[in-house]
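Read the structure below first, then the notes.
Start at 1 and go down the list; that is how both ligands and their atoms are numbered. None of the values given here were measured: they were computed from a predicted structure.
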Amino acid sequence: MHKNLVVGAGISGAVIANLLAQIKKEKVLVIDKRQHIAGNIFDYKDDKTDITIQKYGPHFFHTNKDKIWKFLSNYTNWHYYKHKVLANTGKELINLPFNLAGIEQIFPNEAQDIKNELITEYGYNSKISILDLKQTKNKKIQILAEYIYENIYKNYTTKQWGKQIGELDNGIISRIPVYINYQSGYFDDKYQAIPSKGYTNLIKNLLNHKNITIKLNTDFKNIEEKFERIFYSGSIDEFFDYKFGILPYRSLKFVNKLLNKEYYQPSCVINYPNNHKFTRITEHKYILDEKSDKTIITLEFPKQFKVNQNIRYYPILNQENNLLYEKYYKEANKIKNLYFIGRLGRYKYYNIDSAIENAIELFLKL
Ligand SMILES: Cc1cc2nc3c(=O)[nH]c(=O)nc-3n(C[C@H](O)[C@H](O)[C@H](O)COP(=O)(O)OP(=O)(O)OC[C@H]3O[C@@H](n4cnc5c(N)ncnc54)[C@H](O)[C@@H]3O)c2cc1C
């Protein structure tokens, strides 16, 4: 008999299953309603080009945490990859995050002055949220802040979230700050890499243990067997039959195109803040530096999430939704030996490293 049930074979479920099997030496049944493991970090090789495609949007692993890096390194080799993103504003291609080079690009004549003012006010090497930058009393910085806000952040946010910036938690906007230096990479973490054989292979290795059984195409609602502990990485509102209401999410539609040319764009991801219905285009072959005379790009269209019609991607974090989540979380705490994990169970925007850390912390508490 299995002692533990893990609902969801994404990174959160795979880590907790791995620890239970490996360290506690307990039997674990892992189920997923999808027909594959790996949850939203699932990737596969396209059969025409051999290019690795990330089905649910591009994922770039980055972390500052040594213990997470060490843990994962037991299950994968790495392809070192520093992610770069450009924003196509309709007028120019600007590096994201916006940095001092962006000022030289957009305001060539005033650049020296603006850079000096910025460095005096905030210090070289600082990172500052566009919302804070907009609060400045300094006229020159105000002009810069207004330009960045209008051309890079404002329309992108409305398109991505279906909400105005003021209707969202500030943390969502601050995730991509303005850099007062020349940092051109999208992330500045100590470790930035992609599993060299892809994310699905990493999850397969995490789950490869004699104590772990995997059942795909299996929804929790059809499980009758009893377990001592349940770890649930599905959506918490769905678990409770939406009794307090539906937790809002943003969904996405991905449109893939196979192109008969070696490269389509100058970097892996280009954001389109303005002018189009899609928010970004990803060119997959950059991620693992795969060679082919063809290329595959994916256009990403934000959509409203509707239960049973499309997939939950980003939780829409604001005060009202956080309170709704808290109601569910309190309800969950009343049930012994049931643990909600992962981005859906905790209604958080977890990066992969935080999802792993959260699963490890829970395991240590048990
Ligand atoms: C578009 C996008 C891009 C991202 N990019 C990055 C990035 O670049 N870097 C980064 O670090 N993070 C990124 N993230 C975050 C990353 O995707 C998450 O941290 C990670 O996928 C969380 O894994 P999880 O296991 O918690 O959830 P999931 O991967 O969603 O896994 C949950 C699993 O549970 C299954 N499930 C749900 N309900 C049931 C049920 N009732 N019965 C059976 N199975 C069920 C689902 O089918 C799913 O497979 C991104 C997220 C999005 C949305």
Any chance you could lay out the ring-ring contact (aromatic ring centres under 6.0 Å, His included) test for Phe61 and Tyr81, step after step, and finish with the verdict?
CA-CA 9 Å; Phe61 179 72; Tyr81 171 84; over 10 Å; no
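- Scanning the protein heavy atoms around atom 31 (O) of ligand 1, the nearest turns out to be Gly10 CA, 3.7 Å.
- Considering only non-hydrogen protein atoms, atom 9 (N) of ligand 1 sits nearest to Phe60 O, 3.0 Å.
- Applying the salt bridge (charged side-chain N to carboxylate O under 4.0 Å, His left out) test to Glu167 and every residue at least two apart in sequence or in another chain returns nothing.
- Although no hydrogens or angles enter the test, the distance criterion places a donor-acceptor pair under 3.5 Å between the side chain of Arg34 and the main chain of Gly39.
- Contact of the Lys70 side chain with the Asn74 side chain is not registered, since no non-hydrogen atoms from C-beta on lie closer than 4.5 Å.
- Ligand-side atoms of ligand 1 in range of Thr218: 42 (N), 43 (C), range being under 4.0 angstrom from any heavy atom.
- Judged by distance alone, the side chain of Gln142 and the main-chain N or O of Thr136 form a donor-acceptor pair under 3.5 Å.
- The heavy atom nearest to atom 2 (C) of ligand 1, out of those in Tyr313, Phe220, Tyr314, is found in Tyr314.
- Ranking protein heavy atoms by distance to atom 41 (N) of ligand 1, first place goes to Asp219 OD1, 3.1 Å.
- Applying the side chain to side chain donor-acceptor pair (under 3.5 Å) criterion to Asn99, with sequence neighbours excluded, gives no partner residue.
- Remark: minimum distance from atom 28 (P) of ligand 1 to any protein heavy atom is reached at Arg343 NE, 3.7 Å.
- Close contacts of ligand 1 with Ile352, meaning ligand atoms under 4.0 Å from a residue heavy atom, involve 10 (C), 11 (O), 12 (N), 19 (O).
- At a heavy-atom cutoff of 4.0 Å, ligand 1 is contacted by no atom of Phe61, backbone or side chain.
- Of all the atoms in ligand 1, the ones that sit under 4.0 Å from a non-hydrogen atom of Tyr350 are 15 (C), 16 (C), 18 (C), 19 (O).
- Residue contacts with ligand 1 for Pro58 involve N, CA, C or O but no side-chain atom from C-beta outward (heavy atoms, distance under 4.0 Å).
- At least one cation-pi condition fails for Arg280 and Tyr186: the charged atom is not both under 6.0 angstrom from the six-membered ring centre and inside a 45 degree cone around its axis.
- Once rounded to the nearest 0.5 Å, the distance linking CG of Asn116 with CD of Gln112 reads 5.0 Å.
- In terms of polar-atom proximity, defined here as any N/O pair under 3.5 Å, Lys33 does make such a contact with ligand 1.
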Derivation of the side chain to side chain contact (heavy atoms under 4.5 Å, CB included) call for Asn88 and Ile281
CA-CA 10 Å; Asn88 183 333; Ile281 297 181; over 6 Å; no
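- Ligand 1 lies within reach of Tyr349, whose nearest heavy atom is under 4.0 Å from it.
- A cation-pi arrangement, defined by a distance under 6.0 Å to the six-membered ring centre and an angle within 45 degrees of its axis, is absent between Lys33 and Phe220.
- For the residues His62, His59, His36, the heavy atom positioned nearest atom 3 (C) of ligand 1 is part of His59.
- Relative orientation of the Phe42 and His36 rings is parallel, given thresholds of 30° and 60° on the angle between their planes.
- Of all the heavy atoms of Leu252, the ones lying under 4.0 Å from any atom of ligand 1 belong exclusively to the side chain.
- Those atoms of ligand 1 that come under 4.0 Å of a heavy atom in Gly8, given as number and element, are 33 (C), 34 (O), 35 (C).
- Listed by number with element, the atoms of ligand 1 under 4.0 Å from a non-hydrogen atom of Gly342 are 26 (O).
- The aromatic rings of Phe107 and Tyr147 sit perpendicular to each other, their planes meeting at more than 60°, with 30° as the lower class boundary.
- The side chain of Tyr232, and not its backbone, has at least one atom closer than 4.0 Å to an atom of ligand 1 (non-hydrogen atoms only; side chain from C-beta on).
- Within a 6.0 Å sphere centred on NZ of Lys253, other residues, nucleotides and ligands contribute 12 heavy atoms or fewer.
- Of the candidates Asn40, Asp32, Leu216, the one placing a heavy atom closest to atom 21 (O) of ligand 1 is Asn40.
- Looking at atom 23 (O) of ligand 1, its nearest protein heavy atom turns out to be Ile11 CG2, 3.3 Å.
- Under a 4.0 Å heavy-atom criterion, Gly345 is not in contact with ligand 1.
- Proximity annotation for atom 25 (O) of ligand 1: of Gly234, Ser12, Gly57, Ser12 comes nearest, heavy atoms only.
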